[in-house]
Amino acid sequence: MATETAATLTERPSTDGLHQQLFIDGEWEPAADGGTYEITDPGTGATIGAVARGGEQDAARAVAAARRAFDEGGWPLLTPRERGRILLAAAALMREHAEELAQLESLDVGKPITFSRIVDAPTAAETFEYYGSLAAGIEGAARPVGADTLSYTRREPYGVVAAITPFNFPMILSATKVAPALAAGNTVVHKPAEETPMSALRVAELLQEAGVPAGVYNLVTGGPEAGAALVRDRRVDMVAFTGSTAVGREVARLGGETLKRVMVELGGKSANIVFADADLEGAIQTAIQAVVFNTGQFCLAGSRLLIQRPIYDQVVAGISAALPHVPVGDPFAPDTVIGPMAGPKHVAKVNSFVDAAIAEGVEAVGRDRELPSEGQYVAPTLLPGVSPSASYVQQEIFGPVIAAMPFDTEEEAVALANSTDYGLAAGLQTADLRRAHRTAAALRAGIVWVNTWGRMDVAVPFGGYNQSGYGRENGPEGLDEYLHTKSIVVAL
Ligand code: NAD
């Protein structure tokens, strides 16, 4: 177990050479008012940089640049294949610099370096490869409507896209917006999460090096003011947002004022159903993995565990035995599975939910383990025997906490699984093929896993039902989001 920070702390990567300003119209520049703010390493609390705090004026400048690049520049007029070639060049640079990007992401977010290396950096590059290749398939269709008429469709970009991204998967979730938006011919103003902007700064440099023209991709670091200014701006045609349901609702409302297209990818409280016929050892491992990945700061976390009654005690005992041994520690130690949370406010939120459960008489299994003395750590925790209506069962905790409860029948499991406001993901563990498909169809969620959890691919779309938002990312659906369809009807 990697709990001794002193022994596991390795040398941190340096951010000295990294531009930490706004990237507007192909130039690095300070915020209009000169404001900056510090970024810290969640593993140590040390300052790792000071980035520009973009505000309203900066958002307006970036939108003006993106607008010019769209209206007067050549980006939307390139063939999709030509744009795709530039995205593929960007992907190649991201592959070339994958180790550097992985280290930067771990430093900024506190992600275990093992996962940044095998998940974050390669997936971000792969997303650019996927949409770089898919661009070639952007085409309209001729529709036979009669001998005296020619009717066809064109797929056209919306114009300026504001991409607003969250703190938990900065590089991947930026790529899932920026790559398809650019492939479709839009120009972009990107506002990364206030606390984790580092990888976006480096990727902006790589996009420029790959040949993305000035003004086509712009980066405004900063907080909610910069994000809200982008959403309000009439010159922005579309907002692609990933974040919390509360902020997403505000973004949809603000975006509605100018009737811009808004896509919102929001929070989750996903149910993982374990049926009595499941492979128990596998189901226990899957249940743990579903909630410890990314320290539980995972919109698709399997945070509600529904266990069929005959195996309930066995599954709870199995998780209780294994959870305290999942290595928690320094993100740069190679054996770490659970790193620090991205910041103190996230630790406080997790603790407040677990404290509420304890106050209601729920046992918090695993909570008393020893944690590294510095950094933003929480213990992975199992809350067994919870009431389905409790706050920690209904609301997103966004940390490594499993709320477990029993069920008797398949119908009850489906009803329980569908009983929160969210609908992002769901999963079921069973050996019964018919039940697997029947249950998967009945679950109100954008992605359903059977006998696994969290398996993703850039070709597989995901997105929300209910209060988890609307729109789809990844797959061809993720490109469609950024394209208008225009019909042209010609009298012959
Ligand atoms: P958040 O909602 O606090 O912030 C998201 C982004 O919105 C940040 O860039 C933030 O600066 C910006 N923002 C804040 N207020 C704004 C406003 N009024 N107008 C415009 N922009 C504003 O989310 P977070 O804490 O960074 O991320 C965690 C949340 O994101 C969780 O709820 C998680 O479930 C969700 N999430 C969802 C998905 C998904 O695909 N559905 C993926 C990852 C994370």
Side-chain angles (χ1 to χ4, degrees), residues 37 51 53-56 59 108-109 111 120 123 127 162-177 189-197 200 219-233 236 239-257 260 262-270 291 293-303 341-350 395-399 420-425 445-447 454 456 460-474 477-478 481:
Y37 64 100
V51 306
R53 183 179 291 285
E56 261 182 57
D108 199 13
V109 187
K111 278 174 196 281
D120 298 79
T123 304
T127 304
I164 302 177
T165 51
F167 76 89
N168 61 335
F169 287 93
M171 207 171 5
I172 293 178
L173 292 171
S174 301
T176 60
K177 293 169 182 55
V189 180
H190 178 199
K191 212 296 286 171
E194 189 166 2
E195 51 198 322
T196 57
L219 178 66
V220 177
T221 49
E225 320 73 50
L230 294 175
V231 180
R232 274 196 305 267
D233 198 314
V236 170
V239 176
F241 173 88
T242 299
S244 60
T245 293
V247 175
R249 199 174 283 127
E250 174 62 10
V251 164
R253 191 191 65 72
L254 264 184
E257 285 178 12
K260 51 177 59 81
V262 177
M263 175 174 101
V264 285
E265 306 287 345
L266 309 177
K269 189 73 188 179
S270 302
V291 88
F293 180 56
N294 214 42
T295 316
Q297 301 166 122
F298 182 29
C299 54
L300 304 163
S303 49
M341 313 263 330
K345 72 175 186 204
H346 306 293
V347 175
K349 183 175 172 200
V350 173
Q395 293 170 36
E396 188 178 45
I397 298 178
F398 224 54
T420 72
D421 287 342
Y422 296 109
L424 197 53
I447 186 164
M456 315 274 295
V460 177
F462 72 98
Y465 277 51
N466 303 333
Q467 303 293 303
S468 291
Y470 41 83
R472 291 293 177 268
E473 297 204 299
N474 285 347
E477 292 81 357
E481 297 282 352

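Atoms considered below: every heavy atom in the structure, side chains included; atoms not considered: hydrogens, waters and symmetry mates. Every number for a ligand or one of its atoms is a count from 1 in the order of the listing. The structure displayed is predicted, hence computed values, not measured ones.
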Kindly print each ligand 1 N/O atom paired with any protein N/O atom under 3.5 angstrom away, one pair per line, or none if nothing qualifies.
from, atom 1, to, atom 2, distance (Å)
ligand 1, 2 (O), Ser244, N, 2.8
ligand 1, 2 (O), Ser244, OG, 2.7
ligand 1, 9 (O), Thr165, O, 2.8
ligand 1, 9 (O), Lys191, NZ, 3.0
ligand 1, 11 (O), Lys191, NZ, 2.6
ligand 1, 19 (N), Ala228, N, 3.4
ligand 1, 23 (O), Ser244, N, 3.4
ligand 1, 26 (O), Phe167, N, 3.2
ligand 1, 30 (O), Gly243, O, 3.2
ligand 1, 32 (O), Glu396, OE1, 2.6
ligand 1, 34 (O), Glu396, OE1, 3.4
ligand 1, 34 (O), Glu396, OE2, 2.5
ligand 1, 41 (N), Leu266, N, 3.2
ligand 1, 41 (N), Leu266, O, 2.7

### Thr420 (side chain) donor-acceptor with Tyr422 (main chain) under 3.5 angstrom
yes
### Query
Does Lys111 count as lying over the ring of Phe169, i.e. NZ or CZ under 6.0 Å from the six-ring centre, within 45 degrees of the axis?
yes
### Message
Please determine whether a side-chain nitrogen of the Lys or Arg among Glu473 and Lys177 lies less than 4.0 Å from a carboxylate oxygen of the Asp or Glu.
### Response
yes
## Note on the structure
Sequence neighbours excluded, the answer for salt bridge (Lys or Arg N to Asp or Glu O under 4.0 Å) partners of Lys269 is none
### Query
Is a side-chain donor or acceptor of Tyr37 paired with a backbone partner of Glu194 at a separation under 3.5 angstrom?
yes
### Message
Taking Gly54's backbone N and O only, do any of them form a donor-acceptor pair with Lys191's side chain (distance below 3.5 Å, no angle check)?
### Response
no
